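Worksheet: one structure, shown below.
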Protein chains: 2
Amino acid sequence: MFDELYQQLEEKISLSEKDKNCIPNFFETKFLRKKQLLLQAGEYCRTLAFVSTGALKSYTIDEKGIEHISLLAWEGWWVSDFKSFISDEKAILFIDAIEDSEILLLSKSNYEQLLIEVPSMERYFRILYQNSLVTKDRRLISSNTYTAEEKYNHLLKMYPFISQRIPQILIASYLGITTETISRIKKG
Amino acid sequence: MFDELYQQLEEKISLSEKDKNCIPNFFETKFLRKKQLLLQAGEYCRTLAFVSTGALKSYTIDEKGIEHISLLAWEGWWVSDFKSFISDEKAILFIDAIEDSEILLLSKSNYEQLLIEVPSMERYFRILYQNSLVTKDRRLISSNTYTAEEKYNHLLKMYPFISQRIPQILIASYLGITTETISRIKKG
DNA sequence: TATGTTTCTTGATTTACGTCAATGTATGGC
DNA sequence: GCCATACATTGACGTAAATCAAGAAACATA
């Protein structure tokens with residue numbers, strides 16, 4: 001249940017047994033069936049979600065009704081409408097499960113409490129955000145610099161398993177290109 | 001000298017007089033003339049730079065020799081090749097001044113020391129990264145979802161002064177479009 | 001096994017935006 | 001005040017990738 005979480009935490013910080021025992025109290029477990037919504041644009045995003053098993057996507061829907069995926073999150077990833085979570089604004093993101101999933105929810109008050117009661121969690125999140133920032137930076141560079149083909153190949157290099165696990169149509173949306181274009185890239 | 005920095009810090013955390021007195025010790029001041037390089041791709045990025053006055057840009061250069069701006073940083077912003085700074089890899093970014101600038105440099109060892117000696121700085125950086133993450137997220141959505149015109153208008157809405165301060169050619173590069181396209185957008 | 005649903009492929013066509021090239025307009029150093 | 005350099009505009013043209021449309025696989029449900 002919390003194994004995946006501990007593993008993630010211990011990649012960045014060290015935890016005492018006391019920390020380990022108290023951390024679960026801050027979280028709530030939730031199961032999502034494939035396609036089940038966790039958050040809808042317009043609602044307030046009141047939690048950070050940690051993915052224990054399965055996979056989720058976060059995305060916007062534009063005026064034409066087209067989905068634009070901002071994040072694909074599988075085991076060990078956090079997903080949320082961060083802006084909404086932090087500043088109590090309405091969410092612009094939808095989040096739903098693309099596989100049956102088990103997630104751990106951290107509410108805002110518990111998040112803040114956790115940072116105080118387990119000070120090394122402040123450090124964990126600083127490092128987590130620091131790393132995410134780097135990843136997002138590279139994605140932005142990639143998005144503004146590369147051709148569709150380069151973007152796709154770059155993604156496969158970073159996450160070689162992704163094409164087995166995530167449908168092409170979702171990968172396309174994540175890269176801001178179309179599934180037809182990916183088909184043509186694969187054909188060579 | 002440190003006023004801009006204190007102001008930024010105090011937007012996110014509160015500082016004791018003792019903190020205020022000790023913080024400058026961790027930084028080194030540097031002046032850059034317009035066009036002067038702070039970092040070159042291939043070097044190791046050993047500092048975080050805080051912009052006290054002026055403006056800098058960070059960018060990649062692709063095989064065709066074209067610049068792709070990843071960040072425009074003016075007073076109150078931090079700029080760095082984060083990935084290089086954190087993980088001691090070679091930088092992929094160039095950073096230079098687009099106006100005469102005064103910056104405060106924080107070396108990695110001082111950064112780590114500062115986080116320990118002034119614990120509220122751990123909190124400051126967690127919040128800073130948290131916010132940057134939100135901004136980057138929106139930029140990515142924007143980059144994958146919007147047309148050139150929407151991207152440009154969106155930027156003007158976020159930073160209304162930007163077109164007075166930053167040359168159009170740099171704004172274009174930042175948005176991943178061309179200066180010709182911006183000209184055409186402005187014509188209507 | 002059949003039946004719908006989702007995903008992937010392929011071709012024909014369109015389009016937003018880039019590229020190239022020429023000209024115009026600021027801006028700053030001497 | 002002049003010249004050089006940087007920056008912006010405009011037009012003609014090319015192209016990468018989107019859109020539209022139709023089938024073909026793959027997968028899931030009964």
Side-chain angles (χ1 to χ4, degrees), chain A residues 33-37 54-55 57 59-69 72 96-100 142-156 161-188, chain B residues 32-37 54-57 59-69 72 96-101 141-156 161-188:
Chain A
R33 304 300 308 272
K34 187 173 169 170
K35 296 200 181 182
Q36 198 180 334
L37 268 172
K57 66 184 203 286
Y59 55 99
T60 51
I61 300 186
D62 69 20
E63 334 75 60
K64 289 176 201 154
I66 298 167
E67 280 187 26
H68 300 271
I69 295 179
L72 293 166
D96 62 33
I98 55 183
E99 298 172 7
D100 293 348
S142 162
S143 171
N144 283 338
T145 310
Y146 297 160
T147 62
E149 179 160 9
E150 289 166 335
K151 287 178 202 176
Y152 181 68
N153 290 334
H154 185 244
L155 185 69
L156 287 190
F161 62 86
I162 202 171
S163 60
Q164 272 82 272
R165 180 155 185 188
I166 310 286
Q168 175 174 302
I169 197 169
L170 300 185
I171 293 177
S173 170
Y174 176 80
L175 291 174
I177 61 180
T178 60
T179 183
E180 291 95 327
T181 298
I182 292 185
S183 273
R184 289 178 185 117
I185 289 167
K186 288 196 298 190
K187 220 175 62 174
Chain B
L32 291 173
R33 305 300 309 270
K34 187 174 172 170
K35 298 199 179 180
Q36 197 179 336
L37 269 173
L56 284 76
K57 65 184 204 287
Y59 55 99
T60 52
I61 300 185
D62 69 20
E63 335 74 61
K64 289 177 200 152
I66 298 167
E67 280 188 26
H68 301 271
I69 295 180
L72 293 166
D96 63 33
I98 56 183
E99 298 172 6
D100 292 349
S101 303
I141 291 172
S142 162
S143 170
N144 282 339
T145 310
Y146 298 161
T147 61
E149 180 161 9
E150 289 165 335
K151 286 177 203 177
Y152 181 68
N153 290 333
H154 185 246
L155 185 69
L156 287 191
F161 61 86
I162 202 172
S163 60
Q164 273 82 270
R165 180 154 185 189
I166 310 285
Q168 175 173 305
I169 197 169
L170 300 185
I171 293 178
S173 170
Y174 176 81
L175 291 175
I177 61 180
T178 60
T179 184
E180 291 96 327
T181 298
I182 292 185
S183 274
R184 289 174 187 122
I185 289 166
K186 289 196 296 190
K187 220 174 62 173

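Sequence lines set the chain letters: A, B, ... in the order given, protein chains first and strands last, and positions in each chain run from 1. As the structure is a computational prediction, the values presented were derived from the model and not from experiment.
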Without decimals, in angstroms, what is the distance between [X] [atom1] and [N] [atom2]?
{"X": "A:Leu175", "N": "D:dA17", "atom1": "CG", "atom2": "P", "result": "12 Å"}
{"X": "B:Glu99", "N": "C:dT27", "atom1": "CD", "atom2": "C1'", "result": "14 Å"}
{"X": "A:Tyr146", "N": "C:dG18", "atom1": "OH", "atom2": "C1'", "result": "19 Å"}
{"X": "A:Arg184", "N": "D:dT15", "atom1": "CZ", "atom2": "C1'", "result": "14 Å"}
{"X": "B:Ile166", "N": "D:dA6", "atom1": "CD1", "atom2": "P", "result": "18 Å"}
{"X": "B:Ile185", "N": "D:dT9", "atom1": "CD1", "atom2": "P", "result": "11 Å"}

Can you tell me if the side-chain N/O atoms of [X] get under 4.0 Å from OP1 or OP2 in [N]?
{"X": "B:Thr178", "N": "C:dG18", "answer": "yes"}
{"X": "B:Lys151", "N": "C:dC17", "answer": "no"}
{"X": "B:Lys186", "N": "D:dA8", "answer": "no"}
{"X": "B:Lys34", "N": "C:dG29", "answer": "no"}
{"X": "B:Gln168", "N": "D:dA6", "answer": "no"}

Touch class at under 4.0 angstrom, heavy-atom based, for [X] against every strand present:
{"X": "A:Lys35", "result": "sugar-phosphate"}
{"X": "B:Ile177", "result": "sugar-phosphate"}
{"X": "A:Thr181", "result": "sugar-phosphate"}

(message) Judged by each residue's nearest nucleotide on DNA chain C, which is more toward the 5′ side, A:Ser183 or B:Lys64?
(response)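 Comparing both residues, the 5'-ward one is A:Ser183.
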(message) Need to verify one output field. Residue with the more 5' nearest nucleotide on DNA chain C, B:Arg33 or B:Glu180?
(response)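 In this pair, the answer is B:Glu180.
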(message) Between the side chains of B:Lys57 and B:Glu67, is the shortest nitrogen-to-carboxylate-oxygen separation below 4.0 Å, so that they form an ion pair?
(response)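 Counted as a salt bridge, because a side-chain N and a carboxylate O are separated by less than 4.0 Å.
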(message) Is there a side-chain contact between A:Ile182 and A:Thr178 in this structure, where contact means two heavy atoms from C-beta onward sitting under 4.5 Å apart?
(response)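 With C-beta onward as the side chain, the pair stays apart.
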(message) Ignoring hydrogens and geometry beyond distance, is a side-chain donor-acceptor pair present between B:Asp96 and B:Tyr59 at under 3.5 Å?
(response)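 Indeed, the side chains of B:Asp96 and B:Tyr59 share at least one donor-acceptor pair under 3.5 Å.
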(message) Can you confirm whether more than 12 heavy atoms, excluding those of A:Arg33, are under 6.0 Å from its CZ atom?
(response)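 No - once you tally the heavy atoms of other residues, nucleotides and ligands closer than 6.0 Å, there are 12 at most.
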(request) To the nearest 0.5 Å, tell me how far B:His68 NE2 sits from A:Ser143 OG. (result)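 Answer rounded to 0.5 Å: 11.5 Å.
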